[in-house]
Amino acid sequence: MASREIVRYRSPLRTALQGLSILFLIFFFVWTVLPLLIMVVSSFKDLLDAFQLPEVGDFGGVGVMFDFKPTGAHYVELFTEKHFGVYLRNSLIASLGSAAVSVSLGSMAAYALSRAEFRGKRDLLFWIISTRMAPVVAVMVPLYVIFRSSGLVGTLPGLILAYTTFNLPFAIWILKGFFDNVPYAIEEAAQCDGCTRWQAFRLIIPLVAPGIGAFIVLCVLFGWNDFLFASIIGSGGAKTLPVATAELVQPVKIQWGMIMAAGVVTTVPMMFLGLLIRRYLVAGLTMGAVRE
Amino acid sequence: MAANIADIGVASEAVRGVRTIDHHPESFNHRPPRYYLLWLMLPAILLLAAISLYPLVWLIYMTLHEVQLAPGKSDVWAGIDNFSRLASDKKFARGWLTLFKYSALCLSVEIGLGVLVAVILNNNRFEKILVTIFLMPMMMAPVIAGFLYMFLYNGTFGWYFWLLQSIGLLESGSILGNKFWAMFAIVATDVWQWTPLIALITLAGLKRVPQEQLEAHMVDGAGPFRNFFSVALPNLYPFLLIAILLRFMDNFRFIDHILIMTGGGPANATKILPTYLFDVSFKFFELGRGAAIAFTLLLLTILLGLALTIVFEDPTRKLRTERED
């Protein structure tokens with residue numbers, strides 16, 4: 001490791017840069033957090049309070065944002081009148097189901113792809129990654145026709161299958177990277193000691209378990225946040241949270257209070273999951289190309 | 001021998017394994033490993049083929065037909081009509097243009113901001129906590145982000161609308177209903193959600209910039225700017241390349257917030273190609289024409305996929321060897 005004891009002389013340029021960078025950080029912090037804050041605050045406001053704004057140009061009046069009586073009415077209405085409990089369950093089943101299918105089948109395939117050498121392996125891998133990258137709308141056009149004729153539109157299994165189109169290639173691709181990092185010598189040793197190949201595979205699962213866990217969470221996240229598949233393929237019987245939220249927009253009026261509350265309900269669990277797998281997040285979102 | 005495996009913690013399997021061999025010694029390494037691995041691979045590959053190759057065949061079939069959704073009617077052969085109609089379809093051409101304009105705007109702002117954030121955050125005292133906070137928008141469903149920004153942009157009670165008015169950028173009217181502003185409003189939403197990802201990727205890259213190079217450069221008298229542009233930035237290129245490819249891909253993979261905020265309007269100002277495709281296929285249900293549009297989008301995806309697999313192999317090593325040549 002190189003020495004870190006570098007003398008940095010104070011110069012006007014350095015001081016100015018430091019000041020500017022602090023200013024920029026504050027700006028970026030506010031820019032990131034403010035919308036979230038407004039969402040949470042508005043979800044607890046009743047209609048009149050939510051529409052309070054200071055006069056144009058009156059920057060001192062920003063306090064209006066916090067000048068309200070908190071009410072949980074929107075949340076109550078969501079779960080009683082709008083049946084968000086059902087949609088929450090649908091979201092959970094669809095995203096968990098697809099994550100389970102993708103990661104269980106995906107980890108086997110990833111292991112095999114990591115250990116096998118055969119002609120056309122590169123082409124197979126390319127096919128897998130391009131499946132993952134295909135635009136959801138484009139995939140949905142033929143998928144909709146197929147699902148319609150087989151009665152899968154509007155059902156949870158259909159939605160699970162639809163989510164699997166992007167989760168399975170994701171799981172295969174990224175878990176292959178994980179298995180690549182486990183030395184084959186471990187399995188060789190196990191097989192010398194009398195394990196079958198399947199037992200040897202099971203043996204190295206604990207080594208990749210944290211990664212597998214993290215990618216189950218990521219698959220859940222992708223499924224949970226999906227809107228396009230859910231709105232077309234899940235429409236009717238398998239409404240998920242994002243679709244139900246979009247349906248709060250009615251021709252006569254948009255029920256902002258409830259939409260913000262639905263936003264909080266949809267977003268908060270995912271943020272916690274995101275924190276949980278913080279270490280794998282960048283790898284997951286860049287398809288394993290960048291590791292922290 | 002079994003003791004070795006007991007160390008790893010699965011003694012029982014090991015013992016069972018040994019016994020199996022005693023009973024069937026001829027079965028040891030009976031098959032070549034390739035078949036075994038093939039069987040492991042097969043379920044996933046078959047499932048993936050069923051949900052991606054089979055639809056692709058259907059898609060190609062659909063591009064050549066006039067698809068009828070009503071029961072009892074059968075599809076009509078259309079030859080290359082679906083494609084030839086695209087050639088004269090102005091909205092189709094505009095969709096591509098808008099897609100590229102939208103992506104260029106998103107990417108340039110996101111890369112600029114993201115790199116700036118990463119450089120400032122790198123080795124900052126609050127790096128860990130700030131990165132965690134900046135992560136939050138990425139976890140949000142794009143639909144929810146769309147609604148949130150729609151709320152903020154609202155002409156009567158939106159805080160961002162008020163802010164823009166207060167600093168004198170906007171007089172009145174609506175942001176999302178204005179041909180000029182709508183595009184920027186949507187870009188801002190994308191920037192809000194995804195700049196942190198670029199920052200994280202860049203941060204991971206900055207951690208790999210060789211300290212020795214930076215120090216040597218400083219000893220030679222380079223200032224902070226020179227140091228960034230001549231040492232850090234060249235080391236970052238592979239990371240930025242990945243970031244650009246991934247974000248460009250996502251720009252047309254996810255159109256949720258555009259659908260929510262403007263639906264492609266006003267006057268098609270934000271109708272990027274996937275949004276147009278959505279309208280054609282799932283609003284007008286012209287699935288044959290939709291399939292033809294989808295096909296052109298898939299071609300772009302395949303090109304991007306090729307670029308990505310080349311970069312993915314091992315970006316850092318690849319670029320480094322190229323530089324040394």
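In this structure, A/F118 and B/M41 approach most closely via the heavy-atom pair CE2-CE, 3.8 Å. Nearest heavy-atom pair, B/G290 versus A/V141, reported as atom, atom and distance to 0.1 Å: C-CG1, 4.4 Å. Looking at every heavy atom in both residues, B/P55 comes nearest to A/I146 through CA-CD1, 3.7 Å. Residues B/I302 and A/F126 come closest through the heavy atom pair O-CZ, 3.7 Å. Closest heavy-atom contact between B/L298 and A/P135: CD2-CD, 4.0 Å. Here the closest heavy-atom approach between residue A/M270 and residue B/M139 is recorded as CB-O, 3.6 Å.
Put simply, CG on B/L246 and CE on A/M133 are 8.5 Å apart, with the number rounded to the nearest 0.5 Å. Distance CE/A/M39 to CG/B/L152: 10.5 Å, rounded to 0.5 Å. Between the CD1 atom of B/I51 and the OG1 atom of A/T165 there is a distance of 5.5 Å, given to the nearest 0.5 Å. Atom CG of B/L148 and atom CD1 of A/I259 lie 11.0 Å apart (nearest 0.5 Å). In this structure, B/L53 CG and A/W127 CH2 are separated by 4.5 Å, a value rounded to the nearest 0.5 Å. Here the straight-line distance linking atom CG of B/N124 with atom OG of A/S21 works out to 8.0 Å at 0.5 Å rounding.
Using a 4.5 Å cut-off between heavy atoms, B/L259 contacts chain A through its side chain alone, with no backbone atom that close. Heavy atoms closer than 4.5 Å to chain A are found in the side chain of B/M249, but not in its backbone. In this structure, chain A has heavy atoms under 4.5 Å from both the backbone and the side chain of B/I133. Of the two parts of B/Y149, only the side chain, counted from C-beta on, holds a non-hydrogen atom closer than 4.5 Å to a non-hydrogen atom of chain A. When heavy atoms are compared at a cutoff of 4.5 Å, B/L287 approaches chain A by way of both its backbone and its side chain. Only the side chain of A/F24 comes within contact range of chain B, with at least one heavy atom under 4.5 Å from a heavy atom of that chain. There is no contact between A/L241 and chain B, counting heavy-atom distances below 4.5 Å. For B/Y61, no part sits under 4.5 Å from any heavy atom of chain A, backbone or side chain. At a 4.5 Å heavy-atom cutoff, the contact between B/L48 and chain A is made by backbone and side-chain atoms alike. Using a 4.5 Å cut-off between heavy atoms, B/V143 touches chain A through its side chain atoms alone. Both the backbone and the side chain of B/L306 come within contact range of chain A, judged by heavy atoms closer than 4.5 Å. With a 4.5 angstrom heavy-atom cutoff, B/I293 does not touch chain A via any of its atoms. Neither the backbone nor the side chain of B/A292 comes within contact range of chain A; no heavy atoms are under 4.5 Å apart. For chain B, the nearby parts of A/V136 are the backbone and the side chain; heavy atoms of each come within less than 4.5 Å. Heavy atoms closer than 4.5 Å to chain A are found in the backbone of B/T156, but not in its side chain. Of the atoms belonging to B/V131, it is side-chain heavy atoms, and not backbone ones, that fall under 4.5 Å from chain A. Neither the backbone nor the side chain of B/A199 comes within less than 4.5 Å of any heavy atom in chain A.
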Inset, instruction - Go through B/M150 and A/W256 one step at a time and tell me if the side-chain contact (heavy atoms from CB on, under 4.5 Å) criterion holds. - result: CA-CA 10 Å; B/M150 209 170 145; A/W256 284 113; 3.9 Å; yes
Next item on the list: Check step by step if side-chain contact (heavy atoms from CB on, under 4.5 Å) holds for B/M140 and A/L36.
Entry: CA-CA 10 Å; B/M140 188 182 256; A/L36 293 171; 3.6 Å; yes
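The aromatic rings of B/F285 and A/Y144 are tilted relative to each other, their planes meeting at an angle between 30° and 60°. The aromatic rings of B/F134 and A/F28 stand perpendicular to each other, their planes meeting at an angle above 60°, with 30° marking the opposite boundary.
Comparing A/Y111, A/W224, A/F201, A/W198 by heavy-atom pairs within less than 4.5 Å of chain B, the highest count is held by A/W198. The choice from A/A246, A/A262, A/A171, A/G274 that makes the most heavy-atom pairs within less than 4.5 Å of chain B is A/A246. Options A/N225, A/L228, A/L207 differ in how many heavy-atom pairs under 4.5 Å they form with chain B, and the most are formed by A/N225. Highest contact tally toward chain B, considering only A/T131, A/I22, A/V249, A/L125, is held by A/T131 [criterion: heavy-atom pairs under 4.5 Å]. Here B/Y160 is the residue among B/Y160, B/F295, B/F254 with the most heavy-atom pairs under 4.5 Å with chain A. Contacts with chain A were tallied for B/L56, B/T275, B/D256, B/L304; B/D256 has the most, counting heavy-atom pairs under 4.5 Å. Most heavy-atom pairs under 4.5 Å with chain B: of the set A/L221, A/I38, A/I172, this distinction falls to A/I38. Of the residues considered (B/W58, B/F278, B/W192, B/F252), B/W192 shows the highest number of contacts with chain A, using heavy-atom pairs under 4.5 Å. Most heavy-atom pairs under 4.5 Å with chain B, from the set A/T267, A/L105, A/V243, A/T32: that is A/T32.
Residues B/L135 and A/M271 are not in side-chain contact: their nearest non-hydrogen atoms beyond the backbone lie 4.5 Å or more apart. B/F225 is listed as a side-chain neighbour of A/L13, based on a closest heavy-atom distance under 4.5 Å. In this structure the side chain of B/K128 never reaches within 4.5 angstrom of the side chain of A/R278, judged on heavy atoms. With contacts defined as side-chain heavy-atom distances shorter than 4.5 Å, the pair B/F282/A/M140 qualifies.
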